[in-house]
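As the structure lists them, so they are numbered: ligands from 1, and atoms in each ligand from 1. Please read all numbers here as calculations on a predicted model, not as lab measurements.
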Amino acid sequence: MSISAQALLYVKGISPYVPGKPITELAREMGLPVERIVKLASNENPLGMSPKARAAVTAALDGLERYPDQFELIRALAERLGVGQNQVVLGNGSNDVLDLAARVFLSPGRSAVFSQHAFAVYPLATLSTGAECVVAPAKHYGHDLTAMRAAIRPDTRLVWIANPNNPTGNFLPYPDVRAFLESVPGDVAVVLDEAYNDYLPPAERVDSVAWLKDFPNLIITRTFSKIHGLAGLRVGFAVASAELADLLNRVRQPFNLNNLALVAARAALDDHLFVAESYQLNRRGMEQIVAGLKRLGLEHIPSHGNFVTFAVSDGAAVNLKLLKQGVIVRPIGGYGLPNHLRVTIGLETENARFLEALETSL
Ligand SMILES: *Cc1c(COP(=O)(O)O)cnc(C)c1O
């Protein structure tokens, strides 16, 4: 009898997450020098990390013998968001918080609802608890909230929403999200994943955190991985009612964030200049890439994030040709979009190299 025969069936049924190809891996595979490779595959910040965060990390190298203290980051986030400290739950990346939500509400015999083409971590977090995934059909590649409401079953305990969504970049207007929350039964938790919130133009943004007082079943998640440039340190968080935050904290590992991550995130929160520069670079880069895609006659899905998804005739073939030229983008066949590729907005020079390589790869 093999050991894998003893594993839970629902664990064996999980398809592993496929991350963006690391630069070092492509260098080994293609025999290319690392400096020749452009990685636009994981929605990372092309400007690097916040300089304030970098300084904080360096200073915190003294003190790594101590267990971490989450107090200061929680205090600062609560103040920034206008909520109580007992409403903020930190995660080792927001993926960690998504997992906490799944563990609080899901188990075999329960289900979670999410949209077709939604973020890959929702099925992973759902299936790892033994719960069933109920996938609502997408509309124009984005979440169809009417279909999602209709998909909620008596055994549904969690709904996952990404706004903006990854990998499609679609954005749901806030009034629609609010109407959806009003329509969802109060005993179903809703995770509103706002990883790309900081890339929305201020005029499009609404203070969704203020909704928490009306919806005790709402969990809003955000991350330091994207505009703050701390993907490698792993910091995200949830904001929810005190009641829900307490539940999430019960399944959280006590020291789930390390000392360096905590001080980096605390410093990044105050680096308004870096956030503004990252936002502006993304705006310009989005225009550059969208104009380039149009020039090549390629359709794209209008995106509200730091990436854009576009259609080609054969996703796998184009991806391979790009890789051979040292350009890493993200194939998204695993999201049911085999003939689309997702490219992260990079520096102007990186975007230009991507467009050049794409032109010869079609
Ligand atoms: C990138 C991303 C996250 C953030 O993940 P981290 O674990 O915080 O790095 C969360 N949700 C979506 C939809 C994302 O694309």
| Ring centers of Y141, H340 separated by less than 6.0 Å | yes
| task | Determine whether the aromatic ring centres of F354 and F310 lie less than 6.0 Å apart. | result | yes
Partner set under side chain to side chain donor-acceptor pair (under 3.5 Å) for [X], not counting sequence neighbours:
| X | result |
| --- | --- |
| R222 | E194, S208 |
| T129 | none |
| R75 | E72, E79 |

| Taking all non-hydrogen atoms of both residues, which atom of N197 and which atom of Y174 are closest, and how far apart? | ND2-OH, 3.4 Å
| So which residues, sorted by chain and number, lie with a heavy atom under 4.0 Å of ligand 1? | G93, S94, N95, F119, N166, D193, A195, Y196, T223, S225, K226, R234
